[in-house]
Structures are given as C-alpha cells and as structure tokens.
Amino acid sequence: MGRRRRRKVVKIVRKTLPKVFVCPRCGARSVKVLMNVGAGKAKVTCSICGLTAELPVSPSSQPVDIYCRFSDLFYARKLG
Ligand SMILES: [Zn+2]
C-alpha cells in the first residue's frame with residue numbers, strides 16, 4: 001500500500017578482490033587474510049581447521065598474493 005519506496009541499489013563492485021579463500025588443508029572456503037601493512041605482515045587463518053600462518057607483506061601486496069604464498073608454504077609442508 002501507499003507509494004513505492006525507493007529500492008536500495010546494490011552495486012556489484014568488480015574491483016573488490018575476494019577476501020575469503022579456499023583452505024589448502026580442509027578445502028573449506030574459510031581462509032581469511034588479515035593484512036597489517038604497517039607492521040609489514042599478514043596473518044592467514046582458516047576458521048574451520050585452524051591452519052594459521054604469519055607472512056611478511058609489502059605495501060603493494062594483495063590478499064590474494066598472501067594467500068598464494070600461504071598455500072605454497074602449505075604444499076611445501078612448512079605449515080602445520
Ligand atoms: Zn582449513
């Protein structure tokens with residue numbers, strides 16, 4: 001009833017990179033990358049199996065780069 005309300009416009013921003021990645025250990029989409037560029041490191045954590053790593057970052061690093069290194073380390077068996 002009444003006038004139509006203005007609908008919320010949901011924009012899909014394609015520039016946004018994914019922030020949640022697939023865990024190399026448990027296969028769940030539950031790996032988060034917390035960047036701390038100020039401290040020069042990032043923390044990567046899987047909320048399902050608890051796989052965690054701390055990696056050095058450069059100011060130009062993207063979360064996806066950190067994730068790539070994280071999975072490389074895992075496959076090189078350098079992570080728990
Ligand atoms: Zn996991």
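Counting begins at 1 with the first residue of the sequence. Remember, predicted model here, so these are calculated numbers, not experimental data. As the structure lists them, so they are numbered: ligands from 1, and atoms in each ligand from 1.
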When you look at Val31 and Val44, which way does the side-chain contact (heavy atoms from CB on, under 4.5 Å) test go after all the steps?
-> CA-CA 7 Å; Val31 172; Val44 188; 3.4 Å; yes
Got a sec, which pairs hit ring-ring contact (aromatic ring centres under 6.0 Å, His included) with one end in residues 31-59, sequence neighbours left out?
-> none
Please, which pairs that meet ring-ring contact (aromatic ring centres under 6.0 Å, His included) have at least one residue in residues 23-61, sequence neighbours excluded?
-> none
Does Ser61 use its side chain to pair, donor to acceptor, with the backbone of Pro59 at less than 3.5 Å?
-> no
Any idea how many protein N, O or S atoms are nearer than 2.8 Å to the Zn ion (ligand 1)?
-> 4
Applying side-chain contact (heavy atoms from CB on, under 4.5 Å), run through Cys26 and Leu51 and close with a yes or a no.
-> CA-CA 9 Å; Cys26 69; Leu51 187 66; over 6 Å; no
For residues 25-60, the ring-ring contact (aromatic ring centres under 6.0 Å, His included) pairs (sequence neighbours left out) are none
